[in-house]
Amino acid sequence: MPKASARHILVASEDKCNELKKAIEGGADFAKVAKENSTCPSSRQGGDLGTFGPGQMVKEFDTVVFSAPVNVVQGPVKTQFGYHLLEVTSRQD
């Protein structure tokens, strides 16, 4: 079964999500941005969600995490919780 590790940043608006993505693409540290901005409890770990398999996260996450390139920030991804930036840190298919 495929497994992936990922980290994310959760914010309330698409505009804020895009602003943070630009900052990360410009060299800001993902974990630091997560700690300072993410509303998810995972922000304490720099947005780290650990390792999981398909179906363990919401559908929108699964779609990105099991198809996006590793170590490339994806998003904004809209879910019922808000807007996310996602980064797949490893994946075994």
Side-chain angles (χ1 to χ4, degrees):
M1 180 164 110
K3 289 255 183 231
S5 298
R7 55 189 183 168
H8 83 130
I9 297 170
L10 173 63
V11 294
S13 75
E14 189 172 6
D15 287 343
K16 182 69 172 175
C17 208
N18 281 318
E19 175 189 321
L20 297 177
K21 184 176 184 180
K22 278 188 189 135
I24 293 164
E25 288 172 341
D29 179 66
F30 190 104
K32 187 171 190 267
V33 172
K35 284 179 182 175
E36 293 172 355
N37 295 276
S38 183
T39 59
C40 181
S42 69
S43 66
R44 289 190 292 277
Q45 292 83 41
D48 188 10
L49 296 169
T51 302
F52 51 91
Q56 290 185 268
M57 299 287 177
V58 293
K59 185 173 86 57
E60 298 90 344
F61 259 58
D62 270 10
T63 302
V64 173
V65 170
F66 291 100
S67 66
V70 175
N71 297 319
V72 177
V73 177
Q74 304 292 316
V77 176
K78 187 177 186 335
T79 71
Q80 72 215 43
F81 304 105
Y83 292 87
H84 307 258
L85 292 179
L86 285 165
E87 182 183 32
V88 181
T89 54
S90 71
R91 185 171 54 231
Q92 291 130 5
D93 295 317

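Throughout, residue positions are numbered sequentially from 1 according to the sequence presented.
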Problem - Heavy-atom check, side chain of Phe81 versus side chain of Thr39, under 4.5 Å - result: no

Nearest atoms (heavy-atom pairs only) where [X] meets [Y]:
X     : Y     : result
Val65 : Ala6  : CG2-CB, 4.3 Å
Pro76 : Tyr83 : CB-CD2, 4.2 Å
Leu85 : Phe30 : O-CZ, 4.1 Å
Ser67 : Thr63 : OG-O, 2.5 Å
Ala28 : Val33 : CB-CG2, 3.8 Å

Does [Y] offer a backbone N or O that forms a donor-acceptor pair with the side chain of [X] under 3.5 Å?
X     : Y     : result
Gln56 : Gly53 : yes
Arg91 : Ala68 : yes
Ser43 : Gly46 : no
Thr89 : Ser5  : yes
Asp62 : Gly55 : yes
Lys21 : Gln74 : no

Handout entry: Rounded distance (nearest 0.5 Å) linking atom CD of Glu87 with atom CD1 of Ile9
Key = 9.0 Å

Exercise for the section: Find the distance between NZ (Lys78) and CD (Glu60) and round it off to the nearest 0.5 Å. Expected result: 8.5 Å

Practice task
State plainly whether the residues Lys22 and Glu19 are in salt-bridge range, i.e. N to O under 4.0 Å.
Solution key: no

Exercise for the section: Show the numbers, then the answer: is there a side chain to side chain contact (heavy atoms under 4.5 Å, CB included) between Phe66 and Val88? Expected result: CA-CA 8 Å; Phe66 291 100; Val88 181; over 6 Å; no

Exercise for the section: Please work out whether the ring planes of His84 and His8 are parallel, tilted or perpendicular, with thresholds of 30° and 60°. Expected result: parallel

